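Worksheet: one structure, shown below.
These numbers were taken from a predicted model, which means no experiment stands behind them.
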Amino acid sequence: MTFPQGFPGVRNTNEASGQAHVEQQVGAIFGGTFHRNETTYHIHESDPPERKFEVALNHLQGGTSRMAESIFQDLLHHGDASTRLAYYYALSVFSERSLNEIDDEVYLRFRAADLTARRFPHDSWRAAFIVVAELVSCVWRQEIGETLDSADLAKASSNFGDLPRERQGEITRHLRGVLGGALQDSLNAEDAQRVREERLQPDRAGRAWKFFEPDPAAPRYFTTPATSLTRPGWAKPVLGGLGLLLGLITFLGSFGTGRPGIAIPALLIFAAGVAAAFWGGAEREVALRRLVQRDREHGIPLQYQAAASPGHWVRTDFVQQIHKLVEARFWDARPHVEGSWLNDTRGLCEYYKWRFVALYGNAQVEANAVDWLIRWHAKRVAAQWRAGTLFAYRQELRPSGTAVAVHRAGIGASIVGALTMVGGQNGFAVAALFLAAGGFFALKGVTEIVADRRHRAEEELRGQQLLAEEEQGYADWLAVLRDRPDDTEMADWLDLDKTFLTTEALRRSGLSNRDLVTYVVLTEGAANALRARFIHGPMRYSRYVVLIFLLSGSGVREIEVELDFLTGNVHNEQRTSFQYSSLAAARVAEVGVRYADGWRYQILNGDQATLLQSESLRRRALRLSLISGEQISVVAESFDGLTDASLESGTALQRIALEVSGISGALHVLEAVSAEGRDWISRERERRRRRSENRPRDDRGPGLLEAGAAEE
């Protein structure tokens, strides 16, 4: 939002015109969360009426009332009528509309709901519809100048109070823009406690954040390729075996010409030395491989990972998001104690970038679905760092002194045995040469092969053990997300927040509903807010900027606050006011938003359009221009990065964005105010009076109520 010069306020849109002011947009960096649940808002033409009704109700409860109204109307016209349908259709007709928007077309839709309800016997839904009709009747009577005495108010309040609490909440929510004056003050007094309680329940602070968590990707088995110090092969052991065979044949053939009394003990010493060298060498080789492997996992030596696709159909944007998530989660997990966390974990951070790209690059999942696992590993590393065991493996995995000593002693013994065998003269000397050469190559080759196989088996077992731990972490995380709020609950919390904030704005301004001509509530996602949405649904934010316009006889009061949606806390309240004559224009304009390296800019001036190029994202913004040339703007979300082009149209998404932000309803009011100025009040009241007078008398309450009472 932008504000008049010199007026301090919370700014969501970062401007790149004149003096640039930029905020980091976390949602833009990580893309937000896209819940691909098609059962909430998506329907097919072939779906039965029950399914269409369910989706329409979800739209109504989710804040997209025009979508709900369209589906309910279609059901009504195709004969799928009931008192329940009539009730919810009536709510959708009035929902998110102000009284000055209730023209003849809207009235005829309500009339259709009325006639539908009259066709059925009295039930709980018919009773709720009668209350809606009675409240609307009171409003219309006020508009034509009839006196609404205390008895009328008491009767309306009594009938309203007889309804179940859920119906009361629905009616006050969806008729909020239509009801006004003393009637709204009366309902607010009755409903204030409910709003204060329900806006923070059930356990909003403990659950709301979970909506912004994506559906987690399941862990996958993974081991890094086993690292060998030298390339294992069969050439060395084969050559060594041939050498040993020739040596033994020569040795046996030398008994008649040499000195066997010296050669036989020498052969035994040689064989014992080779066996000892093999055991010690294998232990040493396995330990070295373990150490190299763990060093690699800890980024030793440090190898920076390029934020680009490694090939194999892995998207570059996926790689970039994984890299940013790893860096963010390691930063979040850092222990707040003295130490060199960044230096110690830089290599690990690079390793995990490579690991998660290799593991999930072709898994057909979004990067943020892996976020929980990245966070799990980062916390695991932090726990080891805090305990001082992050690099303890370097000491634990070093070859043992015993293995090194046995290996060296074995080599020495085999050399002594071979040299002693030379003293056996003649053929024994030749056999010693064959046995020494063959023993060297055989020992080297077999040691490498055995060490490689042992190391691979150990790594597979370690991978399975890690997978088991990750699967337990996955199960724990799913348990945490089990009570994640759905989209309609998020919408209900936001609506309760808007009701609460409007009531507080009236109180702080010293006004009541009877002092207002109308009011407007606008919302916009705050800077650095998390974003999430369901397919075909509106965007939800972890933080909002809420702007409330109170239009009274004396002018316009503007109250702007920042709402922490996750807790319901309100911060940074700013208030200002201006006369109707100060508002020069109100219009919805297309604006460009440019993202670069995680930074968001709103392009306000046409001469900067060249900055947009291919990276621009087109959005709609409500612009209020004051006589002084200053502007107030509210930008509607464009859903960038959180859409399914195969199922959602840009036009429908834009309509949702304008409706949920409040821009659609606000424009109708503010355009008239900017065009007519102070005269708007009298002209609007006259327009309302004429519309109300032209409606049949029996449709303003008495006929309907009498019919309902008789049937009851």
So do the side chains of [X] and [Y] get within less than 4.5 Å of each other, counting heavy atoms only?
X	Y	result
Met67	His536	no
Ser92	Gln73	no
Thr503	Leu506	no

Checklist line | Steps toward side chain to side chain contact (heavy atoms under 4.5 Å, CB included) verdict (Ile535, Tyr41) | finding: CA-CA 7 Å; Ile535 190 169; Tyr41 293 116; over 6 Å; no
On a heavy-atom basis, which atom in [X] and which in [Y] lie closest, and how many Å separate them?
X	Y	result
His174	Ser95	ND1-OG, 2.8 Å
Ser542	Phe212	N-CZ, 3.3 Å
Val195	Thr499	CG2-CG2, 4.1 Å
Glu96	Ser65	CG-OG, 3.4 Å
Arg173	Asp495	CG-OD2, 2.8 Å
Thr116	Ala81	CG2-CB, 3.6 Å

Other residues, nucleotides and ligands only: do more than 12 of their heavy atoms fall within 6.0 Å of [atom1] on [X]?
X	atom1	value
Glu366	CD	no
Arg482	CZ	no
Gln364	CD	no
His78	NE2	no

Would you please name every residue forming a side chain to side chain donor-acceptor pair (under 3.5 Å) with [X], sequence neighbours left out?
X	result
Ser512	Asp515
Thr488	Asp486
Arg119	none

Note to self: Could you walk me through whether Arg533 and Leu653 satisfy the side chain to side chain contact (heavy atoms under 4.5 Å, CB included) test, starting with their C-alpha distance in whole Å, then the side-chain angles of each, then the deciding distance to 0.1 Å, before giving a yes or no?
What the structure shows: CA-CA 12 Å; Arg533 66 178 291 259; Leu653 291 175; 3.3 Å; yes
Could you measure the distance from the [atom1] atom of [X] to the [atom2] atom of [Y]? Nearest 0.5 Å is fine.
X	Y	atom1	atom2	answer
Ile71	His59	CD1	NE2	4.5 Å
Asp114	Tyr107	CG	OH	7.5 Å
Ile171	Arg167	CD1	CZ	8.0 Å
Glu504	Ser509	CD	OG	10.5 Å
Leu76	Ser82	CG	OG	9.0 Å
Phe534	Met490	CZ	CE	9.5 Å

Next item on the list: Show the numbers, then the answer: is there a side chain to side chain contact (heavy atoms under 4.5 Å, CB included) between Leu583 and Val556?
Entry: CA-CA 10 Å; Leu583 185 58; Val556 180; over 6 Å; no
Item checked: Where at least one partner belongs to residues 60-71, residue pairs that pass salt bridge (charged side-chain N to carboxylate O under 4.0 Å, His left out), sequence neighbours excluded -> Arg66-Glu69, Glu69-Arg97, Glu69-Arg109
Notebook entry, point to check: Are Lys210 and Glu213 close enough for a salt bridge, meaning some N to O gap below 4.0 Å?
Noted result: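 Looking at Glu213 together with Lys210, the answer is no, because their closest N to O distance does not fall below 4.0 Å.
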Margin query: Taking the basic N atoms (NZ, or NE/NH1/NH2) and the acidic carboxylate oxygens, is any pair closer than 4.0 Å for Asp497 and Arg199?
Written below: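 Arg199 and Asp497: salt-bridged.
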Quick one: side chains of residues 544-551, donor-acceptor pairs under 3.5 Å with protein atoms, not counting sequence neighbours, listed by atom name and distance.
unit_1: Tyr544; atom_1: OH; unit_2: Tyr541; atom_2: N; d: 3.2

Next item on the list: Go through the steps for Arg484 and Asp215 under the test side chain to side chain contact (heavy atoms under 4.5 Å, CB included), then give the verdict.
Entry: CA-CA 11 Å; Arg484 180 168 58 186; Asp215 294 329; 2.5 Å; yes
Item checked: N/O donor-acceptor pair under 3.5 Å between Glu573 side chain and Ile559 backbone -> no
Note to self: My understanding is that only residues two or more places apart in sequence, or in another chain, count here; which of them pass salt bridge (Lys or Arg N to Asp or Glu O under 4.0 Å) with Arg196?
What the structure shows: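 With neighbours one apart ignored, the set is empty.
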Check: Do the side-chain N and O atoms of Asp487 and Thr40 include a donor-acceptor pair separated by under 3.5 angstrom?
Finding: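 On atom types as modelled, these side chains do not qualify, holding no pair under 3.5 Å.
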Check: Hey, which of Phe120, Tyr88, Tyr89 is the one that makes ring pair (Phe, Tyr, Trp, His ring centres under 6.0 Å) with Trp125?
Finding: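 In the set Phe120, Tyr88, Tyr89, the residue that makes a ring pair (Phe, Tyr, Trp, His ring centres under 6.0 Å) with Trp125 is Tyr88.
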Next item on the list: For Phe72 and Phe53, run ring-ring contact (aromatic ring centres under 6.0 Å, His included): C-alpha distance rounded to whole Å, both residues' side-chain angles, the deciding distance at 0.1 Å, then the answer.
Entry: CA-CA 7 Å; Phe72 283 139; Phe53 181 91; 5.5 Å; yes
Item checked: Cation-pi, Phe565 ring and Arg204 (6.0 angstrom, 45 degrees) ->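 Arg204 over Phe565 ring: yes.
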